[in-house]
Amino acid sequence: MTETVREPVTLTPVLSKHWNEAESWTLESYERNGGYQALRKALAMTPEDVVGAVKDSGLRGRGGAGFPTGLKWSFLPKPDGNPRYLVINADESEPGTCKDIPLMMATPQYLIEGAIITCHAIRAERAFIYLRGEVVHVYRRLLQAVEEARAAGYLGENVLGSGQNIDIVVHAGAGAYICGEETALLDSLEGRRGQPRLKPPFPAVAGLYARPTVVNNVESIASVPSVIDNGSSWFSGLGTAKSAGFGFFSLSGHVKRPGQYEAPLGITLRELIDMAGGMREGHELKFWTPGGSSTPMFTAEHLDVPLDFESTGAAGSMLGTRALQIFDETVCVVRAVLRWTEFYAHESCGKCTPCREGTYWLVQVLRQLENGQGQPSDLDRLLDICDNILGRSFCALGDGATSPISSSVQHFRDEYLRHLDEGGCPFDPVKSTLFAGVNA
Amino acid sequence: MTVTEPSKTAVDLVTLTIDGIEVSVPKGTLLIRAAEELGIAIPRFCDHPLLAPAGACRQCLVEVAMPDREGNVRPMPKPQASCTMTATPGMVVKTQLTSPVSEKAQRGVMELLLINHPLDCPVCDKGGECPLQNQALANGQGESRFTEVKRTFPKPIRISTQVLLDRERCILCQRCTRFSKEIAGDPFIDLQMRGAHQQIGTFSPGVLDFHVDLPYPVVRTSEELEPTVESQTQGSTKDESRGASHDHVTGTYAADGIATRGEAMLDESGQPFASYFSGNTIQICPVGALTGAAYRFRARPFDLVSSKGVCEHCAGGCALRVDHRRGKVARRLAAEDSAVNEEWNCDKGRWAFTWSTGADRLTHPLVRDPETGELEPVSWPYALEVAAKGLLKAREAGGVGVLPGGRLTVGDAYAYAKFARVVLRTNDIDFRSRAHSAEEEAFLSHAVAGTGLGVTYAALEAAPSVLLAGLEAEEEAASVFLRLRKSVLKGSKKVYSIAPWASRGLIKLSGSLLQTVPGQEATALGSAAAAEAVAEPGSIILLGPRLTESPGAYQAALALAASSGARLAWVPRRAGERGAVEAGALPGLLPGGRPVSDPAARVDMAAAWDVESLPSQPGRDATRIVDAAAAGVLAGLLVGGVDPDDMPDPAAARAALETASFVVSLEVRASAVTAYADVVLPVAPPAEKGGTYLNWEGRHREFPQALTSDALSDGEVLDSLASEVGVWIGLRGELSGTAELASLGRWEGAKADRPEHHTVPVAGTTVLSTWSMLLDRGRLQDGEPYLAGTAHRAVARMSPATAAQLGVQKGISSNVTVFNDRGEITLPLALTPMPDGVVWLPSNSPGSPVRSKLAAGNGDAVSVRLAGDQLMGA
């Protein structure tokens, strides 16, 4: 099976290192564990050097697309004396993705410190954290964290005597998945209807309030202090050559110990499942998503695909947000895909035709298939509708909506056809639940 | 489509290849337009050349390849929306004609657009002229693979009394919402909900599920309008938190007596939706989602005959498409004219055309029976004979005054001017059936008549700064407003307005108010602020209708233009006014700007008209004609399309009509003048005659006769009348007047003198300010209840301090009564930032007929009291 040429990978807790401490979310706890040393270091550096350090570290965006973070910062035009902004995308809403919210709950100061360093690097005086509105507990925690940081002099006027004014606004969204798309997020933050903007101009040139803006994911920004603190080469020494560093791998579903596993990029699912205590007792892996529901699904044959940007791409999917949803053989893939598709139909913003109308249609076709209605040719129709959405929609939401369908038909065409043969779903949904067998 | 792009020679060109054909286009050109240059039509819905790119419908996807840094042409991984991507050098574009990928992408999007579309083309107004229908046939597939369940909505939402929305037909291209935001500035509709539930909607509480506490009852249903003049004060509360930008309207509505139909929705500020440009959204809707109540289910496009038209309402001269069937106008659309109205028009121009086909339309000549005193239908020869005899007799008995009105075509106005001089041998002619002054005539003679095409729409767009003096562009010249707004939104344009308060239109122009008490416009025009406003070279000053009531204003405007180098333009309210000036329908002016006072000009015209001489006696203006007729000095009146209630003193006008021994009326429909006329000669409305309007720019706006009709134009009737008198004026053909005027050429001699300076009078205790709203009680809006429902509500406006002096208490709604010795007007009060001691009333809105009730105009002193309360002011 695996030719174990590579070193066994171990967990590398950095952001999650102190999660088990009492009241880990407080500033006091954060400072006790070395917090805000990176900021002091960064403030002693020129902004260009900070950008250079992040570039050298190889840190790539942790929100899914993996764009090099330092490079993104360097796209901002030269300062012209008018405002420029850092906007942090904390609108974590993808089915399966659950890394930013635990991070902000457990150690919000990582994000705050990272935001202050980034503001220094891009010469912004104001950062906005756009938080998914449903997570009110996180909202309160972030507000508290910002208050603590401000009281300690890390935020506000003349940060740590550096002469710089930096502040953070925490904004709660109103519950729309589309607002995780960076330009829709900006529109929403400006108080408009959250729908993606036409690009160009890109946010780096005309973002929030038509000013140069950097939009980064929570985890990307939270990783910045460790890069500054430990050095670029420390960071780039982790992970793989092109996918440097560490990240959260969020295991959910049918493993024994679901949760956050902070590990270098390039770890495999096989290793992660081992760390998680294996699959649910008596069951075996059927399919999984490497990075949330909008990344094409993998099966057991992909257990040894290194989870980095390049390898997952080469294997036909995307690293995405490293949201590993693990499904065992009790799960009906048609049912799972239908639920995801219903999510995308519900969350389609409606701006463009393919996504708005296409997801509406896909749900109906999938519902019929799940109920065993229709005919085998409906599968081809399903795939052709996906083909008419993929790459035709305004933003990536439409593309993402087709991924689970196309990949599931690719891997499990026979299972779809069994629904038609048997005139309904051949699975017992109860068996996939945690309470399976309890009432049996 | 209007392509208003700079000329190609002046800009950088980029060369690209589309479907294997090389084409060079100006930098910044969108791919979809570049393809048009080659005659390649890429299907599209959300794209509109006058709206910002959206990229929403995805119908126009094409394959694009671009050279990379090394110059290798690399295909982009996904098809691109050609309506959002600009051409770059070396680009290789493959449309549906050469690329299977583009073709499939477009077919796929079309199929998706149709899955939730009802395909109810056989009963849809748009069927037959529908971009969705056309492009589905051209670029779609014959059969849908959609066998599932369509999304449905309840049938139409009434967005306003005039605009209806069938949501299930909507393809969410957002042309309507983008128009409302980008062009009109009235965001009365917007997207709501999301995904497949996304829909266009109003800001009504029912849809948005929020609570709105209205400060006034929204009653626009005719049945609910009680025919009572008295209004009561009601203690409804006003939400103070709603922001200062909204009118603080207090008080309730008096019945307005105008029939409207249906309930008006509210816009986002909580006001009944009243965009003056809503009809354009219907026209640019690429499906049948937005329809007009007046036209809905009335006709099929393929049964209609289209004629070119020009709007008869204001002086804008908007191009129209007049669609008619079986001798009736079914609807009017804005026609394309990039130099004038681009592709837009206002709702009045679109919908107010039923006025000429009502029950009061005159079809036969009428002559008053000497025995019964009643008007009786008679034959044309008999009517002409009676009219000719009567006019000749009156001419000898003291003279005949001519009031042609301000709504004539150039040819018709010219016929009146010629008829007055040649047949009636008088200069007593004045088209200004409205407030007017000698200073205005002097200004028109000096600076307007015979000047040809002056300041244009394009010049307005290009000007760095425009000063509006006595002009409410949105109310009085809607197409001027739209052009100004277009350039304001583009960036650097600044708009200034000399007015007592900042109207909604000025706010939408991001304009600056040079706050001025009515009557003090001359001072404002002479102020440092005005000089600064037009200091930048290329600035333009637009002079509106209010200056005629403001002594010294024209003089001050000319002085400001001279000192700053800014160009001047006169923007009158009515379609015929500029033409009437050119035609010489003024007491001191002969055609082509020739001054009556100049003997050489008289000789010139006498020769052209083949008469021995022309009357040298300066004529009377409209007020003096009225006075002379009332005093019995003038024996006869020849009246065109004049409403006595528009005259400065309607009562005096009626008295003159009453007293004059012989009155001939040329009218389309029975009017207030008819009751006094001895002979009534029916004339053709614009749809039933050809002609030319001269718009405010001085641009000739020619239009053909749309409907087959035996109705005669004013010019033809006057020609026949002249023949009956025995004078040949040679104006039989419908365009002969225009042609003859053109052949005369412009006056090359000395111009009329500059207007004289008048002293500014001391303002009264409470000064009246007033102007007409776009939609009001005007007779040319009769018979269109759906349109009437979208009129802005009439309010009186005063400053909070002035209102407080009256005893108006904060938070308590109040009605105020504006009165003088002639009469009174009671309206709800809207507190408005404006000079103290000024009260504003709409000139002719329901419940507010200022001229007929008060016989007062701008700058006149009036008194104000809280309705049913104590006095204030004079």
Side-chain angles (χ1 to χ4, degrees), chain A residues 174-179 184 192-200 341-369 373-375 377-378 380-382 384-399 401, chain B residues 44-46 52-63 76-81 83-86 101-102 104-117 132 141 144-151 170-174 177 181 187 190-200:
Chain A
Y177 173 66
I178 188 61
C179 291
R192 299 163 199 274
R193 181 179 173 82
Q195 289 196 328
R197 292 178 182 176
L198 201 58
K199 293 186 276 192
T341 308
E342 284 172 339
F343 170 82
Y344 289 112
H346 181 72
E347 292 294 343
S348 170
C349 79
K351 174 164 183 155
C352 74
T353 308
C355 178
R356 178 185 70 236
E357 307 293 340
T359 53
Y360 174 87
W361 193 358
L362 290 172
V363 165
Q364 294 203 38
V365 177
L366 279 167
R367 273 194 195 137
Q368 290 173 9
L369 288 170
Q373 295 156 351
Q375 44 217 344
S377 64
D378 283 345
D380 299 325
R381 191 163 64 120
L382 196 63
D384 195 58
I385 298 170
C386 286
D387 187 50
N388 286 339
I389 300 172
L390 180 67
R392 276 76 174 136
S393 52
F394 192 92
C395 77
L397 195 153
D399 296 351
Chain B
R44 82 289 299 267
F45 294 105
C46 66
C57 77
R58 317 305 288 173
Q59 185 58 57
C60 65
L61 295 171
V62 294
E63 262 197 298
M76 300 180 77
K78 302 172 178 180
Q80 300 294 313
C83 72
T84 61
M85 184 170 256
T86 52
V101 172
S102 302
K104 176 163 193 300
Q106 291 177 9
R107 199 150 37 79
V109 171
M110 182 67 74
E111 181 179 47
L112 290 170
L113 278 175
L114 292 176
I115 67 169
N116 275 322
H117 186 79
L132 180 61
Q141 51 202 25
S144 174
R145 296 177 296 168
F146 182 78
T147 53
E148 285 79 10
V149 181
K150 281 180 193 278
R151 173 198 61 211
C170 175
I171 57 166
L172 297 158
C173 70
Q174 304 175 42
T177 55
K181 285 188 192 116
D190 208 342
L191 292 173
Q192 293 169 353
M193 320 291 275
R194 69 185 185 206
H197 300 289
Q198 186 180 247
Q199 54 193 276
I200 303 295

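Below, read A as the first sequence line, B as the second, and so on, with proteins coming before strands; counting in each chain starts at 1.
Contacts of A/D399 with chain B are made by side-chain atoms alone, with heavy-atom separations under 4.5 Å and no backbone atom involved. Contacts between B/E111 and chain A at a heavy-atom distance below 4.5 Å involve the side chain alone, from C-beta outward. With a 4.5 Å cut-off on non-hydrogen atoms, B/T86 does not touch chain A at all. Looking at B/P77, neither its backbone nor its side chain comes within 4.5 Å of chain A, counting heavy atoms on both sides. With a threshold of 4.5 angstrom between heavy atoms, B/L61 approaches chain A through side-chain atoms but not through N, CA, C or O. Residue contact with chain B, scored on non-hydrogen atoms closer than 4.5 Å, involves the backbone and the side chain of A/E347 alike. For B/A52, no part lies near chain A; criterion is any non-hydrogen pair under 4.5 Å.
No other option in B/Q174, B/K78, B/R145 has as many heavy-atom pairs under 4.5 Å with chain A as B/R145. Of the listed residues (B/G108, B/A56, B/C46), the one with the most heavy-atom contacts under 4.5 Å to chain A is B/A56. Of the residues considered (A/G194, A/S348, A/A345, A/C355), A/S348 shows the highest number of contacts with chain B, using heavy-atom pairs under 4.5 Å. In terms of heavy-atom pairs under 4.5 angstrom with chain B, the leader among A/R367, A/Q368, A/R193 is A/R193.
With contacts defined as side-chain heavy-atom distances shorter than 4.5 Å, the pair A/P196/A/I178 qualifies. The side-chain heavy atoms of B/R151 and A/E357, taken from C-beta on, include a pair separated by under 4.5 Å. Under the 4.5 Å side-chain criterion, counting only non-hydrogen atoms from C-beta, A/W361 is in contact with A/R381.
Atoms CG and CD, on B/N116 and B/E148 in that order, are 11.0 Å from each other to the nearest 0.5 Å. The CZ atom of B/R44 lies 12.5 Å from the SG atom of B/C173; values are rounded to the nearest 0.5 Å. Distance check, rounded to the nearest 0.5 Å: CD1 of A/I389 to SG of A/C352 gives 9.0 Å. Note that CZ of B/F45 is 14.5 Å distant from CZ of B/R58, once rounded to the nearest 0.5 Å.
A distance-only check finds no donor-acceptor pair linking the side chain of A/K351 to the backbone of A/R356 [under 3.5 Å].
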